[in-house]
> 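Starting off with a structure, shown below.
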Amino acid sequence: MAMTPQTFTISPESITKRNKNVLLGGFFSLLLAAVVMAGHISDPQTYNSVLLWSVLGFAVIANLVNYYQHWRYVRRIQDHRIEVYPGRVEFWTGGEKSVLDIGDIAGLFLYRSRGVLRHIQVRLTNNRGIRLEGYADAEGLARAIAGQLPKEHLVDR
């Protein structure tokens, strides 16, 4: 008999927040470029061409990389989900499944800010970590995994 898993997906609010952060990064980069350009126009000795082109180049490259990573993230999470079964956690992304045995978890760290769970850090026995954030029911995800671990493996900060 197959057991129905607890399923968790990325929340729309998390995607909206990431979209806003990418736009804010672009805005502040444009603002920095405008300030350096205005300085270059008013005082070309202090704000020379090297500074101007360095800031413009960095702003363009950094924002292109940030946008590409964000676009890739949004594209990949459309079909991403975590399914928690007794004894294992399955990560589904793009039709591919990764399975984590509960026995491979050395610690579960819950990071809170103002009483709200911000992200979950899963520490594995091989000393690697998995960061879980942006899920619609982060508290439920934490409970589902923590309920299968010994109490001493849980750290709630």
Side-chain angles (χ1 to χ4, degrees), residues 1-36 54-157:
M1 180 165 115
M3 181 168 203
T4 304
Q6 290 180 292
T7 303
F8 303 92
T9 58
I10 301 293
S11 71
E13 294 83 17
S14 174
I15 297 170
T16 302
K17 183 178 177 183
R18 283 179 173 260
N19 288 338
K20 183 177 130 185
N21 287 343
V22 167
L23 290 174
L24 278 174
F27 171 75
F28 285 123
S29 293
L30 283 173
L31 185 64
L32 175 65
V35 167
V36 171
S54 297
V55 168
L56 289 176
F58 178 77
V60 167
I61 290 170
N63 280 290
L64 285 175
V65 168
N66 194 25
Y67 177 74
Y68 171 74
Q69 289 176 340
H70 176 67
W71 172 78
R72 184 173 170 250
Y73 172 81
V74 169
R75 184 176 48 100
R76 293 194 69 171
I77 62 154
Q78 296 303 318
D79 60 350
H80 172 76
R81 68 185 185 278
I82 293 179
E83 295 179 349
V84 180
Y85 292 91
R88 74 182 193 276
V89 179
E90 295 181 357
F91 300 88
W92 289 87
T93 302
E96 295 180 15
K97 174 174 77 168
S98 298
V99 178
L100 173 64
D101 288 328
I102 295 295
D104 291 336
I105 298 175
L108 188 71
F109 299 86
L110 309 180
Y111 292 91
R112 298 179 187 277
S113 174
R114 297 182 186 143
V116 177
L117 181 60
R118 298 298 178 190
H119 74 273
I120 302 165
Q121 182 76 32
V122 180
R123 180 66 45 94
L124 304 178
T125 54
N126 63 5
N127 213 22
R128 290 190 163 197
I130 301 170
R131 182 179 173 128
L132 306 173
E133 70 178 320
Y135 289 91
D137 183 16
E139 289 285 349
L141 177 58
R143 278 192 309 273
I145 297 172
Q148 300 183 51
L149 294 173
K151 297 294 181 202
E152 59 271 7
H153 289 235
L154 177 67
V155 178
D156 196 346
R157 297 180 178 178

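Keep in mind the model is a prediction, meaning the values are calculated, not measured.
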> Let me confirm one number: the CD-CZ distance from Glu83 to Phe8, rounded to the nearest 0.5 Å.
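Result: 10.5 Å between the selected atoms.
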> Thr9 versus Ile77: any side-chain heavy-atom pair under 4.5 Å?
no
> I need the minimum non-hydrogen distance between His153 and Ala106, along with the two atoms involved.
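Smallest heavy-atom distance, with atoms named: ND1-O, 2.9 Å.
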> Does Arg75 have more than 12 heavy atoms from other residues, nucleotides or ligands lying within 6.0 Å of its CZ?
yes
> How close do Leu56 and Ala33 get, counting heavy atoms only, and between which atoms?
CD2-CB, 3.4 Å
> Could you tell me whether the side chain of Ile105 reaches within less than 4.5 Å of the side chain of Thr125, counting heavy atoms only?
no
> Look at the side chain of Asp137 and the backbone N and O of Gly140, then say whether any donor-acceptor pair between them is shorter than 3.5 Å.
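Between the backbone of Gly140 and the side chain of Asp137 there is a qualifying donor-acceptor contact (under 3.5 Å).
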> Please determine, by modelled atom types, if Glu133 and Tyr135 share a side-chain donor-acceptor pair under 3.5 angstrom.
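Result is no, nothing qualifies.
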> In Å and rounded to the nearest 0.5 Å, what is the CG to CG distance from Leu32 to Leu30?
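One finds 9.5 Å between CG of Leu32 and CG of Leu30.
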> Would you check, one step at a time, whether the test side chain to side chain contact (heavy atoms under 4.5 Å, CB included) holds for Val155 with Leu108?
CA-CA 6 Å; Val155 178; Leu108 188 71; over 6 Å; no
> Is there a side-chain contact between Leu149 and Leu154 (heavy atoms, below 4.5 Å)?
no
> Contact between Ile120 and Leu141 at the side-chain level, heavy atoms closer than 4.5 Å - yes or no?
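In short, these two side chains touch, coming nearer than 4.5 Å.
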> Is there a side-chain contact between Leu117 and His119 (heavy atoms, below 4.5 Å)?
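No - every pair of side-chain heavy atoms lies 4.5 Å or more apart.
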> Any side chain to side chain donor-acceptor pair (under 3.5 Å) involving residues 56-72? Give me the pairs, sequence neighbours left out, ordered by first then second residue.
Asn19-His70, Ser29-Asn63
> Would you confirm whether Asn126, through its side chain, and Arg128, through its main-chain N or O, come within 3.5 Å as a donor-acceptor pair?
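It does hold such a pair.
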> For Gln148 versus Arg88, what's the shortest heavy-atom pair and its separation?
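Minimum heavy-atom separation between Gln148 and Arg88: OE1-N, 4.2 Å.
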> Using the side chain to side chain contact (heavy atoms under 4.5 Å, CB included) rule, take Val22 and Lys20 through it: C-alpha gap first, then chi angles, then the decisive distance, then the call.
CA-CA 5 Å; Val22 167; Lys20 183 177 130 185; over 6 Å; no
> Quick one, Tyr111 and Gln121 - any side-chain contact, counting heavy atoms below 4.5 Å?
yes
> Nearest 0.5 Å, what's the CD1-CD distance between Ile82 and Gln6?
12.0 Å
> Does the Gln78 side chain pair with the main chain of Val74, one donor and one acceptor, at a distance under 3.5 Å?
yes
> In terms of side-chain heavy atoms, does His80 have a donor or acceptor partner in Tyr73 at a distance below 3.5 Å?
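The answer is no; no qualifying pair exists.
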> Filter on salt bridge (charged side-chain N to carboxylate O under 4.0 Å, His left out), then keep only pairs touching residues 141-157, sequence neighbours left out; what's left?
Arg112-Asp156
> Between the main-chain N or O of Gly94 and the side-chain N or O of Asp79, is there a donor-acceptor pair closer than 3.5 Å?
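Yes, because the side chain of Asp79 sits within donor-acceptor range (under 3.5 Å) of the backbone of Gly94.
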